[in-house]
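These notes are about the structure you will find just below.
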There are 2 protein chains.
Amino acid sequence: MDKRIFKDKAYSILATMIKAMANPHRLEIVDLLGQGEKTVEEIANETSMSIANTSQHLQVLKAANLVEIRREGNFIHYKLAHEEIYISWQTLRELGLKHIAEMERLVKDFREKRNSLEALRMDELLTKMKSKNVVVLDVRPTSEYENGHIPGAVNIPIEDLATQLRKLPKNKEYVAYCRGPFCVFADDAVQLLIQKGFKAKRLEEGYPDWKIKFQTESIS
Amino acid sequence: MDKRIFKDKAYSILATMIKAMANPHRLEIVDLLGQGEKTVEEIANETSMSIANTSQHLQVLKAANLVEIRREGNFIHYKLAHEEIYISWQTLRELGLKHIAEMERLVKDFREKRNSLEALRMDELLTKMKSKNVVVLDVRPTSEYENGHIPGAVNIPIEDLATQLRKLPKNKEYVAYCRGPFCVFADDAVQLLIQKGFKAKRLEEGYPDWKIKFQTESIS
DNA sequence: TATCTATTCAATTATTTTATTGAATAGTTG
DNA sequence: CAACTATTCAATAAAATAATTGAATAGATA
């Protein structure tokens, strides 16, 4: 085979795969599926898209072998085909967060309004966790928490947090985490906690990042 | 700011960046620029594209802040804006090489014809290099070698290899490397070396991968 | 200043991508 | 088996992407 043809094919195959990711809705779907499998309807609700449009985008991801399906009755559950797909997304996400000025501004503006700008990185949280005075809050839906979480974290889904607040001691430091840097549950949690007089910060990253970094598959 | 608007903007910003990569020609350009800066004409020649088309694609990369320029007389030198951009490309490339069956077939077919299918990974080469009986050949152009290379590697650009062959001892093992997995210089080198009775394999990865993995900035 | 060189720009056309709509399908439930 | 549910499919129109061509520009040289 000619060298040029080889190269054209190699880069085309990769470009096809990357094109399947290169869409805001599909990035959000990949990010969401980092939490585990979801049905089409769940994905549509989480991403504020129509069912039909969600399905079309899922077909694109499936055609690129980025997601796999499992049928269960009428429901079709989609999940990422490999963990490396989330890692690629993570790499691209970090590239954007680090180098695109517009991205930095966007996140800063959003978090400043919620007092969640001063976020902890994973290493800092790990250090803090040894000091015993910190409570790690997983504010994702319980199903996602059960699917894996940071060891020692307490699950209070964001919609239950307001009612659960009075059970929480005020002499602790709280660190809230959720799905990832673009997940707003942790920002909402920090806003609420600080408003009520608690000391709280968010974790910059989400559970999938923790899992990849420490590979402590704690489903306990 | 509304949560949905925040998310839409965040994922859109990233999708815009990823779209700038999601094209076979632009991937080849990013891959090439991993070797260091190149002029528009050099890039056009290496990628078999017209100057105008190359320029257009470079504008796309520049608009996405993936590349930077340096003017020198009539020439404009393009380079990657950050090392993380190459790392992102590397991550996506490995994802494709590992999980796309068509990609595996393509590489296998191409290398089988050149006896270069049995490639060494970087760790294996590192081990072999300690045994002293191996010669590491950098078959890239000399300018790229001078810009950084594997410590101890000998530079014989692929077009000089045929004439330099008789100076090489036959009792050594040869490992040829070049720009990356899709660079064919190393495959050509292995084909030639084996044809002439040498023991030779290619390194799977290229110099940028070595540099990132070991960060031994040897420009000596 | 005129000419040359490297690169960019603008206009055009063909192709691909995307969202919307409503119909079709596969599987379940009464 | 009729009705229902979750999902996919097909058709359409609008928007974005890509390659080609030739003209325009910025800087160097004669």
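Naming: A, B, ... by sequence-line order, numbering from 1 per chain. Atom set for the values below is all heavy atoms of this structure, side chains included, hydrogens, waters and symmetry mates excluded.
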Give a yes or no on whether the backbone of A:I87 and the side-chain of A:T91 come within a donor-acceptor separation of less than 3.5 Å.
yes
Exercise: do A:H25 and A:H57 side chains pair donor with acceptor under 3.5 Å
no
When the distance from NZ of A:K38 to P of D:dA6 is rounded to whole Å, what number comes out?
17 Å
Reading nucleotides 17-27 of chain D from 5' to 3' and marking B where a protein heavy atom lies under 4.0 Å of the base, S where only the sugar-phosphate is that close, and - otherwise, the string is SSSBBB---BB
Taking any heavy-atom pair under 4.0 Å as a contact, classify B:I51: base, sugar-phosphate, or nothing.
base
Reckon A:T39 touches a base, only the sugar-phosphate, or nothing at all at heavy-atom distances under 4.0 Å?
sugar-phosphate
Rounded to whole Å, the CD-C1' distance (B:E37 to C:dT7) equals 16 Å
When rounded to whole Å, the CD to P distance for the pair A:E42 and D:dT5 reads 17 Å
Between CG of B:L58 and C1' of C:dC9 the distance, given in whole Å, is 14 Å
With a 4.0 Å limit, can you tell me whether B:Y78 has a side-chain N or O closer than that to the phosphate oxygens OP1/OP2 of C:dA6?
no
Pair B:D31-A:Y11, side-chain donor/acceptor within less than 3.5 Å
yes
Using atom CD1 of B:I69 as one end and atom C1' of C:dT7 as the other, report the distance to the nearest whole Å.
10 Å
What orientation do A:H99 and B:H82 show, parallel under 30°, tilted 30 to 60°, or perpendicular over 60°?
parallel
For A:S116, give me all partners under side-chain hydrogen bond (donor to acceptor under 3.5 Å, both in side chains), at least two apart in sequence or on another chain.
A:D187
Interatomic distance, A:E41 CD vs D:dC4 C1' [rounded to whole Å]:
14 Å
Can you check the B:F75 CZ to C:dT5 P distance for me, whole Å?
11 Å
Ignoring hydrogens and geometry beyond distance, is a side-chain donor-acceptor pair present between B:Q90 and B:D209 at under 3.5 Å?
yes
Could you check how far CG of B:N45 sits from C1' of C:dA6, rounded to whole Å?
12 Å
